[in-house]
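In this text the structure is predicted, and so the values were computed from the model without any measurement.
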Amino acid sequence: MQGVEFIYFPQPNVDYSKCEKWVTACGRPTTGKHAFVVKNVNRNTYICTKHFVGGKGPTAEYPDPIPAVVSNAELEAFKRRKRRKSSSSGDSTFDSSVPTTDNRYGYIVAKAALYSEADLDKSIHNMVGHALTKAVEETGHPYLEDSNTPHRSVSYETIVEAYRYFTQLPEVTSASIRAEENENIISVQSMWSQRDIDRKEKTSFGRTYVLDAAKNVVVSCSSPQEINNQVWNVASPSGKYRAILRKQKDKKGDDKQYLEIWNAVQKVKTINVEGLEKHGKIISDDGHFGSFQWSRAEGHVLYVAEKKRPKASSFFDSKPFSESTESKEKETARGDEFLYYQNWGEQITEQSSTVLCVMDVETGTVSVLESVPENVSPGQAVWAPDDAGVVFIGWIHEPYRLGLKHCVQRRSFVYHLDIQKNKIEKISEDGRAVRFPRFSPDDRWLVYLDTLDSGPHNMCSRLMMCEWERRHDGLKPILDIVNSAKEEEFPGLFTWSVPVHTWLSDSIHLVLNTFWGSRSEVVVVNTQTKSVVRVRPDLASWSSTVLDIHGNHVVIGCSSPNQAPYLIFGTLVPSDLGSSQWLRLDNKSEVITSFEWQIIQHSPSSDRVHPKYGNLDYESILYLPKGSSVNGSKPPLILFPHGGPHSVCDGSFAFQPAVYCHCGFAVLLVNFRGSLGFGQDSILSILGRIGDQDVKDCKSAADEVIEKGLADGTKVVVCGGSHGGFLATHLIGQYPDYFKAACARNPVTNLTSMVGTTDIISWVFTEVGETFSYDTQVDATILSKMWDASPVRCIKQVKTPVLLQVGLKDLRVPPSQSLEYWKMLKANGVPVRCLTYPDSNHPLSEVEVEADGLINSILWFCQHLTSQ
Ligand SMILES: CSCC[C@H](NC=O)C(=O)N[C@@H](C)C(=O)O
């Protein structure tokens, strides 16, 4: 043919997705005797130039072929769409209009020219939906054919499919046990959360199981029911009533709260709590301030709300000044329109000063408990014995508030407020930070957790106890700080929460959750012998979390890296835990068979042993695509350190590494020294050493995996958020030739500029080994320590392409940290792409944002792994 030349195909082992694109474009049959698919491509496979726009072969603008059958009109339409696309702001990853001309990942380009947009829309949706469903139906798991070739670039559709699949697996959020009058009949009400990509929101649904505890069988199980507007749903002690706090939009679209009381057959009353104008919004189950509890006599409900603010008015309000001065409060509100109310920081911006409130269920009236000291924000309130008062945690908010999210060490006290005598007393010790007061079923004992009120933002807790009637005689630690522990020994109590009901019926044993190495464990603590025993029923998988306790019955949520969450129910025998009885509540929970995982133990090399704390071992969790060792092919590796740094990867099901691994990557989650669950020495060992000890722990964990032949050392990328983003940006600066790409989500990049802008200034001081107090100022010496610990210190060495993902409302790691880093990379000519999410804060966890971030990170990794 005149003027026609032949162009060799890209080889699949060099650039799989490009090869796949060309195979699609040449339009030969993909099934049957003459099937032409990627695996048939070899060095002699070619395509003629007429398949390219312009007919002369690849150009910079049109590097890939399009089907030869397109008409001129279709070709013009294709070009127009391409022009429109490149000037538009870009599609959402889940837009129903498929990105027809994405020239970075132009897999779909060819099909776009063949179908109308509407057809295309349908065909892609069907393709994505059906491929996965079919794979699941046929094999019982979502192991798709193309995740079998892990070291190649994955297609856009595989990623989206995997994303949809893994994110629609529900996560259990809470469960409560109730015994019927016949004590053997138990009902377990569970709440679950599920991402709905199409509605772009997380939905909640409830499911109730009815069990016969004597026969150890599930008698019935309700079908899931979507429940989206319940803030609290709490049964009264007898189980006869429920108090439900519901949020609902009014006609103007503002959120309103209604408190409802239900009996066994119907709603008894609804109280418009806001209409009473006693307080601001009632606080939800936020893990900090929120609590919602029936009194023992079932006549009252205790809750925590935001304090009512005086109505502020302008100096120029048309109402005459004298008319608005009926009370001192109203007088002072004039001119207060712009008064600054400090909040409790990242994700707790709705709370400034809180109040304790008691609702009389009979009359529907609310009393705000007035005797809480002015400098205290109360929360986590429980009724004291005989309903005569309340016990609560009070956080000191003077001289100013420091962010509370993820920070257990904020100065606080356990208080007791005697309602009748209107008298308040401090129960806990000075210099401590306290959480989660819980009375034993016989009301004799009070326990709570405590740590130091300074230092790292999470650490080993003590479990404190007092005999209520003799509380003035002193408190005793039931569990003390554990500095270090040998293998299999209890490493100390590390937890973010304690169940509302945490005691067994004997008022001697407690059931708690704790991180124990790279695992969430349920433990039973004997308060008399101070022993700690793990509860590990055969039915449980790797990580377990106790959700509720009733008598000696417990409900536990279980999961593992490749097993979606499910529930088990148990009846504990405290004196002989081994003879406890267990029952699985869900008969179906996905075991994902497209990947495997393992725990890897690491011992730091002699040059990395800590001078004070000695040889502290650490661990990582490695996800490996199944079949990745077949034919000697090794998968690319994503090094994925967690944030914090005082946090942990606990081996619970997590969709991010699951999606990465399903797309063919090995994923290494590193619990470097400083992580929770490895003793207090490990936590303390990192202070003053961030940016060095943690960086080396991560790098050498990756080296070990590569040396073992489990991943391809020439194809390593790194990703992480927050302190994990700090590590990602440090790693590419300190090891410029090691990583092919990086993705950093809200990373800490420069401590010297963050110290004045984050909601937790204390973090910056503590992590560089300095002591923080509220009036501490930075000086040149401290600033230079902060600089030395910052990723920007080694920005000149960075060559690795970086994808930044930034929440513009992040108060913890302000967006300026990423944008500062972005400018420097631009100036140094390093490839960088920055995604900014206008309404997101630190976790970037909104459904749409989370999806966009994860899929973009995979595309970024593929692009830079295949472009070498
Ligand atoms: C000054 S912020 C430091 C990083 C941040 N630490 C605590 O909040 C962080 O890493 N957060 C983690 C827990 C995260 O959000 O994943």
* Decide if atom NZ of Lys281 counts as having more than 12 heavy atoms of other residues, nucleotides or ligands within a radius under 6.0 Å. => yes

* Asked: Going through the checks in order, is the side chain to side chain contact (heavy atoms under 4.5 Å, CB included) test met by His300 and Asp387?
  -> CA-CA 9 Å; His300 296 87; Asp387 297 338; over 6 Å; no

* Parallel, tilted or perpendicular: which fits the ring planes of Phe392 and Tyr415, with parallel below 30° and perpendicular above 60°? -> parallel

* Partner set under side-chain contact (heavy atoms from CB on, under 4.5 Å) for Ala433, not counting sequence neighbours -> Ser412, Thr451, Asp453

* Structure fact -> Contacts of Tyr837 meeting ring pair (Phe, Tyr, Trp, His ring centres under 6.0 Å) (sequence neighbours excluded), chain-then-number -> none

* Taking only residues two or more places apart in sequence, or in another chain, which ones meet Asp286 in a side-chain contact (heavy atoms from CB on, under 4.5 Å)? -> Ile283, Ser284, His288, Phe289, Gln351

* Structure fact -> By side-chain hydrogen bond (donor to acceptor under 3.5 Å, both in side chains), His279 pairs with (sequence neighbours left out) Tyr303

* Asked: Sequence neighbours excluded, which residues qualify as salt bridge (Lys or Arg N to Asp or Glu O under 4.0 Å) partners of Asp650?
  -> none

* Structure fact -> Sorted by chain and number, sequence neighbours left out, side-chain hydrogen bond (donor to acceptor under 3.5 Å, both in side chains) with Asp810 holds for Asn746, His842

* Structure fact -> Sequence neighbours excluded, the answer for ring pair (Phe, Tyr, Trp, His ring centres under 6.0 Å) partners of His397 is none

* Look up atom NE2 in His457 and atom CG in Leu402, then write down how far apart they are to the nearest 0.5 Å. => 13.0 Å

* Asked: Got a sec, which residues hit salt bridge (Lys or Arg N to Asp or Glu O under 4.0 Å) with Arg242, two or more places apart in sequence or on another chain?
  -> none

* **Lys256 NZ to Lys252 NZ distance, which is reported to the nearest 0.5 Å** => 6.5 Å

* Asked: Who are the side-chain contact (heavy atoms from CB on, under 4.5 Å) partners of Ala312, not counting sequence neighbours?
  -> Asp336, Glu337

* Check: Ser222 side chain, Thr208 main-chain N or O, donor-acceptor pair, under 3.5 Å -> yes

* Does Glu201 have any salt bridge (Lys or Arg N to Asp or Glu O under 4.0 Å) partners at least two apart in sequence or in another chain, and if so, which? -> Arg199

* May I ask you to check whether over 12 heavy atoms, not counting those of Lys240, lie within 6.0 Å of atom NZ? => no

* Please identify each residue that fulfils ring pair (Phe, Tyr, Trp, His ring centres under 6.0 Å) with Phe338, with sequence neighbours left out. => none

* Gap between atom CG of Asp285 and atom OG of Ser291 - 0.5 Å precision -> 9.0 Å

* To do: Tell me whether the centres of the aromatic rings in Tyr163 and Phe655 are closer together than 6.0 Å.
  => yes

* **Contacts of type side-chain hydrogen bond (donor to acceptor under 3.5 Å, both in side chains), residue Arg410, not counting sequence neighbours** => Ser762

